[in-house]
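Heads up, the thing below is written out as structure tokens.
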Amino acid sequence: MTDSIFSKIIRGEVPAQRVFEDDHTIAIMDINPVSEGHVLVIPKEPAETMADLSDEFAAELGRVLPRITRAVKKATGAASVNLLQNNGSEAGQVVMHVHVHVIPCFPDRDARGLRVDWRATDGDGEALADLGRHIARLL
């Protein structure tokens with residue numbers, strides 16, 4: 001893994017507006033926010049994608065996300081929040097260190113916020129079942 005900007009923030013080499021920190025995670029204000037109150041939640045383990053993250057750090061990330069989400073909603077008055085986690089450059093990941101975006105949504109304030117153009121298709125039942133069994137065997 002390359003030495004990312006998040007690694008430097010975690011080590012205190014680069015300043016950031018920290019909103020939360022414990023032994024496993026750090027949460028900071030995004031310097032290029034999608035909306036007011038956009039926070040990044042970052043595990044301290046140096047892992048590029050969620051698939052690279054240890055179970056311990058993934059569990060700790062999951063443990064703090066609801067708490068941070070509640071605080072962001074309360075502080076901003078947001079009606080809703082998007083949680084976004086990109087894995088790999090093809091999925092839109094820019095900083096190659098696992099992080100989760102907590103993005104408040106303000107439909108009554110402005111048009112900013114995260115909108116996903118979800119292009120669902122009708123799944124083939126047999127193909128879904130086959131792939132599901134294959135995934136289950138790998139777990």
Side-chain angles (χ1 to χ4, degrees):
M1 180 175 146
T2 61
D3 196 30
S4 73
I5 186 69
F6 294 157
S7 297
K8 293 174 183 174
I9 289 170
I10 290 165
R11 292 192 304 263
E13 297 168 3
V14 173
Q17 180 59 52
R18 296 170 186 242
V19 298
F20 175 84
E21 185 170 8
D22 65 14
D23 291 341
H24 294 88
T25 57
I26 184 172
I28 62 173
M29 299 302 295
D30 192 311
I31 61 169
N32 298 115
V34 172
S35 66
E36 177 188 359
H38 183 165
V39 170
L40 302 174
V41 185
I42 308 161
K44 290 183 175 179
E45 180 179 60
E48 287 189 12
T49 69
M50 191 64 75
D52 303 320
L53 195 61
S54 69
D55 289 349
E56 176 188 358
F57 278 82
E60 290 300 321
L61 180 64
R63 184 183 60 77
V64 301
L65 275 168
R67 182 176 172 195
I68 293 167
T69 300
R70 287 189 295 269
V72 168
K73 283 184 70 175
K74 188 171 185 176
T76 63
S80 301
V81 174
N82 286 111
L83 298 178
L84 175 66
Q85 204 285 312
N86 300 322
N87 280 273
S89 58
E90 294 83 3
Q93 185 176 1
V94 176
V95 178
M96 301 313 283
H97 186 126
V98 175
H99 58 287
V100 177
H101 296 261
V102 179
I103 305 171
C105 300
F106 305 102
D108 59 332
R109 266 194 231 174
D110 59 35
R112 292 188 312 158
L114 177 65
R115 299 292 178 260
V116 177
D117 184 13
W118 199 276
R119 298 176 190 201
T121 61
D122 291 332
D124 175 298
E126 188 174 322
L128 291 172
D130 287 344
L131 185 54
R133 285 189 290 272
H134 183 66
I135 292 169
R137 282 191 301 273
L138 294 172
L139 294 173

Problem - Gap separating the CG atom of Leu84 from the CD atom of Gln93, nearest 0.5 angstrom - result: 10.5 Å
Problem - Non-hydrogen atoms of Gly62 and Pro66 that approach each other most closely - result: O-CD, 3.1 Å
Fill in the blank from the handout: CE of Met29 to CG of Leu40, rounded to nearest 0.5 Å, is 9.0 Å
Exercise for the section: Give a yes or no on whether Glu13 atom CD has more than 12 heavy-atom contacts from other residues, nucleotides or ligands under 6.0 Å away. Expected result: yes
Handout entry: CG (Asp124) with more than 12 external heavy atoms under 6.0 Å
Key = yes
Problem - Short N-O contact, Lys44 and Glu21, less than 4.0 angstrom - result: yes
Exercise for the section: Check whether any side-chain N or O of His24 sits under 3.5 Å from a backbone N or O of Ala58 as a donor-acceptor pair, and report yes or no. Expected result: no
Practice task
Considering only NZ, NE, NH1 and NH2 on the basic side and carboxylate oxygens on the acidic side, decide whether Arg67 and Asp22 come within less than 4.0 Å.
Solution key: no
Practice task
Spell out, as yes or no, whether a donor-acceptor pair under 3.5 Å connects the side chain of Gln85 to the backbone of Met50.
Solution key: no
Handout entry: Shortest non-hydrogen separation from Gly88 to Thr49 and the atoms involved
Key = N-CG2, 3.8 Å
Problem - Neighbour count above 12 (heavy atom, 6.0 Å) for Leu128 CG - result: yes
Practice task
Indicate the atoms forming the closest heavy-atom contact of Asp52 with Glu45, along with that distance.
Solution key: O-OE1, 4.4 Å
Exercise for the section: Would you confirm whether Thr69, through its side chain, and Leu65, through its main-chain N or O, come within 3.5 Å as a donor-acceptor pair? Expected result: yes
Handout entry: Closest approach of His97 to Ile10 (non-hydrogen atoms, all atoms of both residues)
Key = CE1-CD1, 3.9 Å
Practice task
Please lay out, stage by stage, how Thr76 and Phe106 fare under the test side chain to side chain contact (heavy atoms under 4.5 Å, CB included).
Solution key: CA-CA 9 Å; Thr76 63; Phe106 305 102; 3.6 Å; yes
